[in-house]
Amino acid sequence: MPELPEVEIAARNLRAWTAGRTIERVETDPRARRIFRPARPPAVARALAGARFQAVRRMGKQLLIALEKDGAPLGLASHLGMTGKWVRRPEPGRRAADGAAAAPRHSRARLHLDDGATLHYQDLRLFGRLRVVPGARFEALPEVRALGPDPLADGVDPARLAALLARSRQAVKPRLLDQRLLAGVGNIYASESLFRARIDPRRAARSLSRAEVERLGAAIVEAMREGIARQEGPEIAYVEEGGENPFLVYAREGERCPRCRRARIARTVQAQRSTFFCPRCQR
DNA sequence: ACCCGTGTTCGCTG
DNA sequence: TCAGCGAACACGGG
C-alpha cells in the first residue's frame with residue numbers, strides 16, 4: 001500500500017534488516033523486465049551481488065538504498081509503484097527453518113544476504129522500479145530531482161505550497177498528486193488531508209485562502225504521521241489488506257461522515273482517480 | 001463480463 | 001510553450 005507512510009515503514013524495515021549486511025547473491029524474475037533499470041534483470045543482479053549496505057533513505061515515495069561494492073559507492077533506487085513491497089524471509093524473529101523456502105507470490109527480485117535471510121521485492125502489477133544507480137548519485141536522477149519537499153522530513157512551507165497551488169487551474173485534489181508540490185502525497189492521503197482540512201476537493205487549487213493552505217499543510221503532516229503510527233510498533237496490528245479500512249473517508253462512499261455524522265461520504269472522479277469527501281463538512 | 005485499483009509516463013490537443 | 005487530459009502499463013478481486 002505505498003504512499004509516504006507505507007514507504008516510510010518499508011524504509012524502517014529495510015534499515016533493520018540490512019544494517020551491516022552484504023548481498024551475497026541476487027535472483028531476478030526475467031519476465032519482470034519492465035521494473036528493472038537497466039532493463040536487463042541479470043545485469044541488475046550482477047551489479048548488486050557482493051555489495052554491502054550503507055544506508056536506507058526515503059524521499060517522498062522513493063527508497064534510496066546506499067551500498068558499497070569493491071570500495072566504491074553504489075545505489076539502488078526502489079519505487080514501489082502501486083503494488084510493490086519488500087518482505088523478509090524467513091519473517092523477522094523466526095528461524096530459517098520455518099518456511100524459508102516459501103517464496104512469496106510475485107517475487108520479482110530476491111536479495112540473498114550474508115545472515116541467511118532473503119529480501120524479496122514483490123510486485124503484482126509491475127508498476128514499481130528497481131534502478132541501479134552508479135556511484136549512488138541519487139541527486140542526479142530526474143525522478144528524484146523533480147520531488148518537492150518531503151512533508152515528514154522537511155515539513156510544509158505554506159508560502160511555497162500556496163504559490164504552487166496558485167500556478168494551476170486544476171482542482172486542488174488532483175493538483176496535490178503532483179510530486180513537485182509535496183513528495184509522497186498519493187490518492188488516499190490527498191482525500192484524507194482535504195477532509196481533515198475541511199476543504200472541498202473540487203475547489204480550484206488557486207482559490208484556496210492562505211488560512212486554508214495552512215490548514216491543508218498541517219492536515220497532510222498529521223495524516224501522514226497517523227498513517228505511520230498505525231503501521232509501526234510491535235503491539236499495533238499491522239494494517240493488512242482485508243483488514244478494517246483505517247481511513248476517515250477513503251473508500252467509504254455512502255457511509256456517514258465521521259465528523260458531522262449527518263451527511264454521507266461521496267465519491268467523485270477527478271483526473272481518472274477516485275476522490276472521497278463529505279459534501280457537508282468540506283467547503 | 002465488467003468495473004475498480006495505493007502510481008507514473010507518454011502522446012496528443014488546444 | 002505548456003497545462004491538462006486520457007490512455008497505457010499488468011494483473012487480480014469483487
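Below, chain A is the first sequence line, B the second, and so on; all start at residue 1.
Side-chain contact of Ser107(A) with Arg110(A): a donor-acceptor pair under 3.5 Å is present, judged by distance alone.
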Full working for side-chain contact (heavy atoms from CB on, under 4.5 Å) between Leu48(A) and Leu111(A): CA-CA 9 Å; Leu48(A) 298 177; Leu111(A) 313 186; 4.3 Å; yes
Worked check of side-chain contact (heavy atoms from CB on, under 4.5 Å) between Glu6(A) and Lys61(A): CA-CA 9 Å; Glu6(A) 291 74 24; Lys61(A) 302 172 196 172; over 6 Å; no
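In this structure, the CG atom of Leu4(A) is 11 Å from the P atom of dG7(B), given to the nearest Å. Here dG5(B) presents its C1' atom at 16 Å from CG of Leu80(A), a figure rounded to the nearest Å. Rounded to whole Å, the distance from CG on Leu176(A) to P on dG7(B) is 12 Å. Rounded to a whole Å, the CD atom of Glu143(A) is 7 Å from the P atom of dT9(B). Rounding to whole angstrom units, CD of residue Glu6(A) and C1' of dG7(B) are separated by 13 Å. Atom CG of Asn187(A) and atom C1' of dC4(B) are 12 Å apart (whole Å). Residue Met224(A) contributes atom CE, which lies 11 Å from atom C1' of dT6(B) at whole-angstrom precision. Atom pair Gln272(A):CD and dG7(B):P shows a separation of 14 Å (rounding to whole Å applied).
Nucleic acid contact class of Arg167(A) (heavy atoms, under 4.0 Å, all strands): none. Counting non-hydrogen atoms under 4.0 angstrom, Arg31(A) reaches nothing in the nucleic acid.
Using modelled atom types, no side-chain atom of Lys173(A) and backbone atom of Leu194(A) make a donor-acceptor pair closer than 3.5 Å. Between the side chain of Glu212(A) and the backbone N or O of Leu208(A), no donor-acceptor pair lies under 3.5 Å. Although no hydrogens or angles enter the test, the distance criterion places no donor-acceptor pair under 3.5 Å between the side chain of Asp150(A) and the main chain of Met59(A). The closest donor-acceptor contact from the side chain of Asp178(A) to the backbone of Arg180(A) lies under 3.5 Å.
Comparing the P positions of dA10(C) and dG11(B) gives an interatomic distance of 16 Å, to the nearest angstrom. Of the C1' atoms belonging to dG4(C) and dT6(B), the separation is 23 Å, rounded to the nearest Å.
Using a 4.0 Å cutoff to heavy atoms of chain A, the contacted part of DNA chain C runs 5' to 3' from dG4(C) to dG12(C).
Each of Arg105(A) and Phe127(A) was matched to the nucleotide of DNA chain C holding its nearest heavy atom; the match closer to the 5' end belongs to Phe127(A). Between Tyr250(A) and Arg129(A), the residue anchored closer to the 5' end of DNA chain B is Tyr250(A), taking for each the nucleotide with the nearest heavy atom.
Taking the six-membered ring where the residue is Trp, Trp86(A) and Tyr121(A) present tilted rings, their angle falling between 30° and 60°.
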For DNA chain C, the dot-bracket pattern of Watson-Crick and G-U pairs whose distances stay under 3.5 Å, | for other-strand partners: .||||||||.||||
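The shortest distance between the side-chain N/O atoms of Lys61(A) and the OP1/OP2 oxygens of dG7(B) is below 4.0 Å.
Ion pairing of Arg264(A) with Glu255(A) is absent here, as no side-chain N (NZ or NE/NH1/NH2) approaches a carboxylate O to less than 4.0 Å.
Judged by distance alone, with hydrogens and angles left aside, Arg125(A) brings no side-chain donor or acceptor close enough to the base of dG7(B) to form a pair under 3.5 Å.
For the pair Arg131(A) and Phe36(A), the cation-pi criterion (under 6.0 Å, within 45° of the ring axis) is not fulfilled.
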